[in-house]
Every structure is written in structure tokens, then in C-alpha cells.
Amino acid sequence: ETGVTQSPTHLIKTRGQQVTLRCSSQSGHNTVSWYQQALGQGPQFIFQYYREEENGRGNFPPRFSGLQFPNYSSELNVNALELDDSALYLCASSPPGTNINEQFFGPGTRLTVL
Amino acid sequence: AQSVTQLGSHVSVSEGALVLLRCNYSSSVPPYLFWYVQYPNQGLQLLLKYTSAATLVKGINGFEAEFKKSETSFHLTKPSAHMSDAAEYFCAVRINNDMRFGAGTRLTVKP
């Protein structure tokens with residue numbers, strides 16, 4: 001069984017650019033959550049997708065947006081990048097019926113904004 | 001608002017010594033609490049969770065945590081540290097559809 005995978009592993013962008021991060025959920029998982037982990041801090045919840053609909057959002061501006069596809073994979077899009085967006089972005093998937101008490105995390109994408 | 005506070009950003013123990021990582025929570029309702037471990041360049045792995053069943057929760061790798069409502073605590077312990085336990089540990093509380101994480105505690109294990 002393949003776990004949660006994320007791509008790319010590393011990414012360097014400049015201020016003002018746009019970025020798309022990708023996540024493939026674990027087989028059979030229909031819920032995907034995204035987190036931002038700044039250096040030296042705990043992960044912060046960005047949003048969650050369930051059956052292709054946004055199902056909860058943290059305190060992030062609208063330039064952070066997402067998608068979930070019919071195969072339950074997901075994208076995180078960030079527009080107008082700022083220096084403070086530099087962080088590790090984590091994706092986590094959950095199986096049906098267990099809500100987020102069972103979250104399986106991917107290895108993350110490290111984004112650097114120059 | 002519900003949140004968690006981890007006391008001590010760094011903890012250092014000798015191999016074979018007791019590991020104690022502290023977490024206090026604030027919640028207006030019975031919480032769901034979690035401990036995760038993060039190894040370098042990896043995502044988070046669930047160690048254990050409290051979901052209002054037994055107050056003493058056993059997890060993987062010999063870790064356990066005790067939910068103490070009177071102290072609003074959920075400290076993580078392991079009787080004997082191993083070198084492979086060196087990692088970052090995060091306490092978290094579930095709030096609706098999101099998890100709220102503490103700032104983390106880096107555990108160092110000395111030979």
C-alpha cells in the first residue's frame with residue numbers, strides 16, 4: 001500500500017510568483033488536509049478537502065487555495081508569494097469514517113521564497 | 001480557544017533514562033489529544049491519541065501518555081530512552097476538522 005506522497009520535495013520561488021504543490025493521498029483515503037510548518041514551529045492548519053469540497057479552513061488568506069480531484073489527490077496553490085510563505089508544507093490524508101483522528105502525513109514540500 | 005502548550009523546546013536525556021515531554025491543553029470541551037513524532041526531513045507520524053476512552057494511552061515505540069483533566073495535561077513518557085528516539089515531538093488537539101499543534105520539543109539522546 002502506497003503512503004501519502006508529495007511533489008516536489010523542494011521548490012525555490014521569488015516574491016510575487018505563484019506555486020502549486022501536489023499531494024497523492026493514501027489509497028482509499030477521501031479526506032486531505034494541508035498544513036504549513038515554518039522553521040522551528042508546529043504545523044498550522046491551512047484547510048481540508050473532503051470529496052472535492054473544502055471542509056474547513058484555518059487562518060490563512062484567500063491567496064492560499066486548493067483543489068481535490070475525483071481520485072482524492074489534492075493541490076495547494078499559493079498566489080503572490082511572500083517571504084513568510086517559506087516553510088515546509090505537509091499534506092495528510094484520512095480514511096473514510098474515522099475523521100481526522102487518523103491522519104497519515106506525507107514527507108512534505110519545502111518551499112523557499114526569495 | 002482550544003490550544004496546546006509544550007513546555008520546553010529542547011529536552012536532553014541519556015540513553016536508558018526516562019523521557020518526559022510535557023504538554024498542557026486548553027479546551028472548553030472534552031478534547032481529543034495526540035502526540036506526533038517527526039524525524040529529520042520526514043512528515044509526522046502518530047505516536048498515540050486520547051479520544052475519551054482510557055486515560056492512560058499506550059502508543060508505538062514504547063511511549064505512553066496520561067490524560068489528567070485536573071491538570072489539563074497530556075505528558076508523554078517513555079521509561080528508557082533509545083538513541084533512535086531523537087526527533088521532534090509535537091502535541092496536538094483536534095478542533096472540528098483541524099488539528100492544532102504545539103511548537104514542538106526536540107529530544108536529544110546522549111550515549
Side-chain angles (χ1 to χ4, degrees), chain A residues 2-10 21 23-26 30-51 53-60 64 66 68 87-95 97-110, chain B residues 1-10 21-26 29-54 57 59-60 65 67 74 76 87-107:
Chain A
T2 305
V4 179
T5 60
Q6 294 185 242
S7 63
T9 53
H10 293 84
L21 310 182
C23 172
S24 291
S25 59
Q26 192 160 323
N30 60 2
T31 301
V32 173
S33 303
W34 284 92
Y35 294 85
Q36 180 195 66
Q37 185 179 15
L39 197 62
Q41 298 182 25
Q44 291 194 56
F45 176 68
I46 303 175
F47 43 56
Q48 181 185 87
Y49 278 83
Y50 172 66
R51 292 186 175 181
E53 298 285 334
E54 188 176 290
N55 188 40
R57 188 179 182 94
N59 189 27
F60 280 80
F64 286 78
Q68 187 179 31
L88 181 68
Y89 288 85
L90 296 166
C91 166
S93 71
S94 305
T98 63
N99 59 57
I100 63 166
N101 286 345
E102 296 287 347
Q103 282 193 113
F104 296 81
F105 282 81
T109 293
R110 184 161 300 281
Chain B
Q2 293 168 302
S3 66
V4 292
T5 302
Q6 293 184 241
L7 303 175
S9 59
H10 286 89
L21 305 183
R22 301 176 186 274
C23 173
N24 287 88
Y25 70 90
S26 64
V29 298
Y32 291 149
L33 296 162
F34 305 79
W35 274 100
Y36 283 86
V37 61
Q38 186 176 35
Y39 297 100
N41 301 314
Q42 295 187 27
L44 278 69
Q45 180 182 8
L46 180 66
L47 279 175
L48 49 81
K49 61 186 178 186
Y50 167 75
T51 56
S52 73
V57 182
I60 62 172
F67 173 72
F74 190 58
L76 182 71
E88 188 89 18
Y89 291 81
F90 294 95
C91 181
V93 60
R94 176 192 152 195
I95 302 171
N96 297 322
N97 289 334
D98 75 89
M99 302 283 278
R100 199 151 296 177
F101 288 84
T105 298
R106 180 167 298 278
L107 176 66

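Ranking R106(B), E88(B), Q38(B) against chain A, the residue ahead of the rest is Q38(B), based on heavy-atom pairs under 4.5 Å. With chain B as the partner, the residue from G56(A), G108(A), G42(A) showing the most heavy-atom pairs under 4.5 Å is G42(A).
P43(A) approaches L44(B) most closely through the heavy-atom pair CG-CD2, 4.0 Å. Closest approach of Q37(A) and F90(B) over heavy atoms only: NE2-CZ, 3.2 Å.
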| field | side chain to side chain contact (heavy atoms under 4.5 Å, CB included) between Q103(A) and Y36(B), worked out | value | CA-CA 10 Å; Q103(A) 282 193 113; Y36(B) 283 86; 3.9 Å; yes
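For R57(A), the CZ atom is densely surrounded, since the number of other residues' heavy atoms within 6.0 Å is greater than 12. Crowding of I60(B) atom CD1: a count of heavy atoms from other residues, nucleotides or ligands under 6.0 Å exceeding 12.
Proximity to chain A (any heavy atom under 4.5 Å) is shown, for Q45(B), by neither the backbone nor the side chain. Residue Q44(A) does not touch chain B at all, counting heavy-atom pairs closer than 4.5 Å. Heavy-atom distances place no part of I46(A) under 4.5 Å from chain B, backbone and side chain included.
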